[in-house]
Colleague: 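I am attaching a structure below and will ask some questions about it afterwards.
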Amino acid sequence: MDHNLRVYNTLTKQKEPFKTVVPGKVSMYVCGPTVYKPSHLGHMVGPVIFDTVKRYLTYLGYDVKFVVNITDVDDKLIVEAPKQGLSVSELAERVTKDYVENLKKLNVTGIDEMPRATHYIPAIIEIIQGLIDKGYAYPAAGDVYFDVTKDDDYGKLCNRDPEQLEAGARIEVSDKKRSPGDFALWKSAKPGEPAWDSPWGKGRPGWHIECSAMSMKLLGKTLDIHGGGLDLQFPHHENELAQSESYNGCTFVNYWMHNGLMRIHSQATKIKDAPSGPLSPVGSGIGGEGQPQKMSKSLGNEIVVSEIFKRHQPETLRFFLLATHYRRPIDYSEERLEEVRRGLDSFYRFFERLERVAKRSFYAFPSPPRDDGGGEFAEFRKRFLEHMDDDFNTGGAVGVLYELLSALNRFADLKQLEAGKATGDDVKAFEQGVVYLKELSGLLGVFSSAPEKPKADHASQKLVVGLMQLLIDLRAEARKAKNFALGDQIRKRLGELGVTLEDRPGGTDWRKD
RNA sequence: GGCCCCUUCGCCAAGCGGCUAAGGCAGCGGAUUGCAAAUCCGCCAUCCCCGGUUCGAAUCCGGGAGGGGCCUCCA
């Protein structure tokens, strides 16, 4: 592969040139959600980022296999399901559906497989047995634990010393464990809990083992990329790493990628900061004072994704997520999303302009060839790709996208494209620039189709269009008669209804916010 | 207590030792317009503080202040 891509690796804490295990192929595994509650904003960060990573790797010529797992059996589900009068599997099914729908709206198209933990029980048991045979794990009264003291380099991902895990004293207490850092590979079932037969009795897998099993079955012993939220680094990824390498005896992951967490200014902080106030649970406070804090189900400050989609286009959310480098935290706020939307509007207006100039929808522009077509807009393409090569710096790339947009508008102004005064060469140069915009925005997974308009039934839609045309015609007559007062009044009153009129040489366009 | 990380314009944000510190939002001035909207042009930061390394630092090192994450379930 001929490219300059460098990827930050959490394990080595530095950017490294990207090389794959198998030339031309990339295996990528990202930890998905435990499906016991509807997805919140934080759950969308990883999928959007790694979907974009896949787009870029594919663009570079790699054949990428991208797996996101679903944890569909876990203590959380066992507690939550009865509350909703559902079985564990029914709850899992319901929440998974919500998750998948959200991803689809966000144009996350790259996931090849979404394996469920419960579908890999035999593989999980096989690995656990192997670990016991090799002396890395021990059964204890129906449970099976991984013995961290047997693994020489345990803790290498997060700089954790097994000896010190004791000192923290925040480790799950259990008489069955030999040392505090040991973690469960298999948990015995209490009556009524979901359970599978195993050599150690009825039970279910521990949290970390499913990822070792599924990644190995679907992608092999050594993964090119393993991703997930920063909060999964320890203990989840550390433990996955320990299990997999102990079992397979080879490197588990070449590039560990961790995305920053979604944060929110919640009231929780405010309360905590108060001199002697009680630490009471809080609802999902939008806005609020105090410092930002990560969004999570356990803190109860999460913003449910489906709620966001009632107020914002999915594309706005995707753009918002990609406008910041993936390793940094992102602070969510309604204002911020609104700001991003205003920025996106300038692209949408350009697309309208494009239709007037080229008589073609941006969305209908042909899929661009992946090469440098030259022309005066080529430098933007180059700079965009340089940003992507630098550890998928989508924030920098978004900046270039805006610059390209601006350059295209400038060009169209200068050459008077709308007035039809441009030469054939000018039009060609312009369209080459549009092709770049198409190519680059496609890499980010945005502008691939027109944003959904608010739904209205066909008849009333037709009526609105008709009435608008009527008002525009009446206003045009008034203006023709130099009756600007009347014309302005029509525009002002429409403005109060959220409708903006734009007078152009060729007629008047209208837009509803 | 231990381990990571962050601090750049009013807000968001790129920057990873050397071009005038990207870009977005907001704001101001101008072109265009009958007036607007949209678009374009121009203006708008020496980088948390203090030391040090270097010919040269927002970028490296040390100290300080503030913030975040993990060490318990978490994307």
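Since the structure is predicted, the reported quantities are computational estimates derived from the model, not experimental observations. Numbered from 1 within each chain, the chains take letters A, B, ... in sequence-line order.
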Colleague: Could you give the distance separating B:C55 and B:A65 at their C1' atoms, to the nearest angstrom?
Modeller: 32 Å
Colleague: Has the side chain of A:N159 got a donor or acceptor atom sitting under 3.5 Å from an opposite partner on the base of B:C71?
Modeller: no
Colleague: Can A:D98 and A:R94 be counted as an ion pair, charged N to O under 4.0 angstrom?
Modeller: no
Colleague: Less than 6.0 Å separating the ring centroids of A:F362 and A:F347?
Modeller: no
Colleague: Donor-acceptor pair under 3.5 Å: do we get one between A:K15's side chain and the base of B:C16?
Modeller: yes
Colleague: With heavy atoms under 4.0 Å as the rule, sort A:L501 into base, sugar-phosphate or nothing.
Modeller: base
Colleague: Would you mind classifying the nucleic acid contact of A:H325 as base, sugar-phosphate or nothing, using non-hydrogen atoms under 4.0 angstrom?
Modeller: sugar-phosphate
Colleague: Scan for salt bridge (charged side-chain N to carboxylate O under 4.0 Å, His left out) pairs involving residues 397-407 of chain A, sequence neighbours excluded, and state none if there are none.
Modeller: A:R383-A:E403
Colleague: Using a cut-off of 4.0 Å on non-hydrogen atoms, how would the nucleic acid contact of A:S39 be classed: base, sugar-phosphate, or nothing?
Modeller: nothing
Colleague: Base, sugar-phosphate, or nothing: which does A:K297 touch, judged by heavy atoms less than 4.0 Å apart?
Modeller: sugar-phosphate
Colleague: Answer yes or no: side-chain N or O of A:R160 and base N or O of B:C70 forming a donor-acceptor pair under 3.5 Å.
Modeller: yes
Colleague: May I ask you to say what A:T500 touches in the nucleic acid, namely base, sugar-phosphate or nothing, with a heavy-atom cut-off under 4.0 Å?
Modeller: sugar-phosphate
Colleague: Heavy atom of residues 476-491 of chain A under 4.0 Å from RNA chain B: which residues?
Modeller: A:R479, A:F484, A:D488, A:R491
Colleague: Figure out the CZ/C1' separation between A:F234 and B:A75, and round it to whole Å.
Modeller: 18 Å
Colleague: How are the rings of A:H237 and A:H226 set to each other: parallel, tilted or perpendicular (split at 30° and 60°)?
Modeller: perpendicular
Colleague: Find out whether the Lys NZ or Arg CZ of A:R327 is both under 6.0 angstrom from the six-membered ring centre of A:Y8 and within 45° of the ring's axis.
Modeller: yes
Colleague: Can you confirm whether the side chains of A:Q243 and A:S212 place a donor and an acceptor under 3.5 Å from each other?
Modeller: yes
Colleague: Using OP1 and OP2 only, check whether a side-chain N or O of A:R342 sits under 4.0 Å from B:A26.
Modeller: yes
